[in-house]
Number of protein chains: 2
Amino acid sequence: MGSQMSEQKTNSLCCDELPSRTWEDGCKIEQLLRDHGMTPTNQRMEIGRVIFSKPMHFTAEELHRITGNHGFQVSIATVYNTLGRFLKHGLVREVIVEPGKVYYDSTTTPHHHYYDVETGMLHDIDSADLRVSGLYNLPPGKEIESVEVVVRLRSKQ
Amino acid sequence: MGSQMSEQKTNSLCCDELPSRTWEDGCKIEQLLRDHGMTPTNQRMEIGRVIFSKPMHFTAEELHRITGNHGFQVSIATVYNTLGRFLKHGLVREVIVEPGKVYYDSTTTPHHHYYDVETGMLHDIDSADLRVSGLYNLPPGKEIESVEVVVRLRSKQ
DNA sequence: TTAATTGCAAACATTTTGCAGGTTC
DNA sequence: GAACCTGCAAAATGTTTGCAATTAA
C-alpha cells in the first residue's frame with residue numbers, strides 16, 4: 001500500500017483494521033502516523049512522542065507548553081489541528097468535564113474518570129472497576145456510541 | 001427573618017434547610033427566590049417561570065431566546081448572571097457534554113443523561129434505571145461530589 | 001513538482017466583567 | 001436612601017479558519 005495516500009482517499013487504513021495503539025517509543029510514532037494516512041511531519045512526531053509515551057490527560061494549551069523541547073517548535077494552531085486529526089483517527093479521546101475547555105486523553109480504550117474539581121486533575125478509572133448497569137430504554141433507531149462516567153471529587157469537609 | 005437580606009449575609013437559608021424544589025406554578029417563584037435570599041426581580045421571575053414550569057435542558061442562549069414573552073425583557077448578561085446564581089443555590093444543574101457550550105438542567109435531583117450527538121438533545125435517565133457500582137478507590141482526603149453518566153447516542157448505521 | 005502542512009493573524013463563539021442607570025425594599 | 005440588580009459594551013477565553021510560506025515525497 002502506498003505511503004503517499006492522502007487522508008481523503010479511501011485506501012488509507014480504517015481504524016478498525018489497525019492493531020490497537022500501544023504505548024510507543026519514539027521510533028514507532030512515524031509508522032503509527034503512516035498507518036493512519038497522516039504525513040509524519042516533525043510537529044506531529046513531536047506531539048506523538050510526548051502524548052504517546054505514557055497515559056496522560058492534557059488541554060491543547062498544556063500540550064503546546066510541553067512540546068517544542070526536542071528541537072521542533074509547534075504552534076498552537078498546529079496543536080489544535082493535530083489533536084483534531086488524532087481525534088478523528090481514534091488516537092486520542094476528548095474528555096469534557098469543565099465548561100469552556102476540552103481535555104484530551106491519550107488512552108483510548110474504554111474507561112472512566114475521576115475529576116478533582118479543586119485541582120482540575122483527571123484520573124482514569126478502569127472499566128473493570130466501575131460497572132454501569134441498567135435498562136437502556138433507547139429511543140428507536142438509536143444506538144450507544146459511548147458510556148462515560150465522571151466521578152467528581154472534592155476535599156472532605 | 002428579614003426579607004431584605006443580601007446573598008452575602010449568612011442568615012439566608014442554606015440549601016439543605018430548604019424543602020426540595022418542586023415544579024412551581026408562577027405564584028411560587030417569588031417565594032422560591034426569597035427563600036434563597038435572592039431579590040425577586042421581574043427578570044428572575046420571568047426566567048424562573050420558564051425553567052421551573054417543567055423539566056428542561058437548555059443553553060443560556062436558548063433561554064435568552066424563549067424568555068421575554070411575558071412582558072419582561074431579559075438581557076443575555078442577566079441570563080448568565082441569573083443562571084450563575086441559580087446554580088450556586090442548587091436551583092439548576094450544569095450538564096457538560098459538548099465542547100464550548102454549557103447546558104443547564106432544571107431538574108436537580110440525581111439522574112443521568114442520554115446525549116444525542118447528532119441532534120444535541122439531552123434526555124434524562126432516572127437514577128433508578130441506571131446503576132453505577134464499583135470500588136471507588138478514592139485518593140485520601142477526597143470524597144465524591146457527584147457521579148455523572150452520559151450515554152452518547154447516534155443513529156443506527 | 002505537486003500536494004500537504006505549518007503558523008501567523010484574524011475571526012469566531014461563548015462567557016465574564018465594569019459600570020452607569022434603574023429597581024427594590 | 002441604601003443596597004441590589006440590569007444591561008450595554010468591552011474584555012476575556014478557548015477554538016477555528018484563511019492564506020502565504022514551507023516542507024514532504
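Lettering follows sequence order; numbering is per chain, from 1.
Note on A:Asn42: a side-chain N or O is less than 4.0 Å away from OP1 or OP2 of D:dA24. Close to C:dT5, at under 4.0 Å from its OP1 or OP2, lies a side-chain N or O of A:Thr39. One finds no side-chain N or O of A:Arg44 lying less than 4.0 angstrom from the OP1 or OP2 phosphate oxygen of C:dA4. At C:dC25, one or more side-chain N or O atoms of B:Arg34 fall inside 4.0 Å of OP1 or OP2 (strictly under the cut-off). When the side-chain nitrogen and oxygen atoms of A:Gln43 are compared with OP1 and OP2 of C:dG7, one or more of them lie within a distance under 4.0 Å. Contact annotation: B:Tyr80 side-chain N/O to C:dT15 OP1/OP2 distance is under 4.0 Å.
Checking C:dG7, D:dG7, D:dT6 against the side-chain heavy atoms of B:Ala77 singles out D:dG7 as nearest.
A straight line from CD1 of B:Ile96 to P of C:dT14 spans 15 Å, rounded to a whole angstrom. Rounded to whole angstrom, the span from the CE atom of A:Met45 across to the P atom of D:dT23 amounts to 16 Å. Regarding B:His64, its NE2 atom lies at a distance of 14 Å from the P atom of C:dT14, rounded to whole Å. Rounded to whole Å, atom P of C:dG22 lies 17 Å from atom CZ of B:Phe72. Atom CG in A:Leu33 sits about 10 Å away from atom P in C:dT6, given to the nearest Å. Going from atom CD of B:Glu46 over to atom P of D:dG7 covers 11 Å, rounded to whole Å. Atom pair A:Glu62:CD and D:dT15:P shows a separation of 11 Å (rounding to whole Å applied). The nearest whole Å value for the distance from the NZ atom in A:Lys88 to the P atom in D:dT16 is 13 Å.
Looking at heavy-atom distances under 4.0 Å, A:Pro40 makes contact with sugar-phosphate atoms alone, never a base. Contacts of A:Thr78 with the nucleic acid, taken as non-hydrogen atoms under 4.0 Å apart, include base atoms. Within the 4.0 angstrom heavy-atom criterion, no nucleotide atom of any strand lies near A:Glu61.
For the pair B:Glu143 and A:Arg154, the salt-bridge criterion is met [side-chain N within less than 4.0 Å of a carboxylate O]. B:Arg65 has no carboxylate O lying under 4.0 Å from a charged side-chain N of B:Glu62, or vice versa, which leaves the two without a salt bridge.
Nearest heavy-atom pair across A:Val117 and A:Arg152 is CG1-CG, 3.8 Å.
Between B:Pro99 and B:Ser75, the residue anchored closer to the 5' end of DNA chain D is B:Ser75, taking for each the nucleotide with the nearest heavy atom. Comparing A:Gln73 and B:Asn81 against DNA chain C, the residue whose closest nucleotide sits nearer the 5' end is A:Gln73. Toward the 5' end of DNA chain D, the nearer of the two residues A:Thr41 and B:Ile76, judged by each one's closest nucleotide, is B:Ile76.
Ring geometry for A:Phe58 versus A:Tyr104: interplanar angle under 30°, hence parallel rather than tilted (30 to 60°). Using cut-offs of 30° and 60° for the angle between ring planes, the A:Phe52 and A:Phe86 rings count as parallel.
Counted by atom type alone, A:His111 and A:Asp105 present one or more donor-acceptor pairs between their side chains at under 3.5 Å.
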